[in-house]
Amino acid sequence: MVVVLVLLAAPVVAVALSWGSWGWAAAAGAVAVLEYATLRHSQRFSARVWRSAPIGRRQSNERAIESLYVVAALAGVALFARAVLVAV
């Protein structure tokens, strides 16, 4: 759970570091919102489905949500790295 929070914090910190550059700050904010939304949906969906679904069975909707989360997390880390490099 700590890794998830760190990944979620990366675009939020990138917003703060990119505050003067509105385009980059808006992109980091959008990534943070997308990451948070997909994370919450994925956890809620998993908690409900995994109790009733047989092991090994996954729905394509859940895979799509998790894939979108991974893309958002990678984008958040990239925006954080960019913001740190520009700030230094």
Taking all heavy atoms of [X] and all of [Y], pick out the closest pair and write down the distance.
| X | Y | result |
| --- | --- | --- |
| Ala28 | Ala14 | CB-CB, 3.9 Å |
| Glu35 | Pro11 | OE1-CG, 3.7 Å |
| Leu34 | Ala72 | CD2-CB, 4.0 Å |
| Val77 | Leu7 | CG2-CD2, 3.6 Å |

So how far is it from [X] [atom1] to [Y] [atom2], rounded to the nearest 0.5 Å?
| X | Y | atom1 | atom2 | result |
| --- | --- | --- | --- | --- |
| Leu17 | Phe80 | CG | CZ | 6.5 Å |
| Leu74 | Leu79 | CG | CG | 11.0 Å |
| Leu39 | Leu8 | CG | CG | 7.0 Å |

Do the side chains of Trp24 and Val31 join up, straight or via other hydrophobic residues, at under 4.5 Å, putting them in one cluster? yes

For residues Tyr69 and Val3: do they belong to one hydrophobic cluster (side chain heavy atoms under 4.5 Å, members Ile, Leu, Val, Met, Phe, Trp, Tyr)?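 Looking at the clustering, Val3 is in the same group as Tyr69.
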
Any side-chain to backbone donor/acceptor pair from Ser21 onto Ser18? Under 3.5 Å, distance only. no

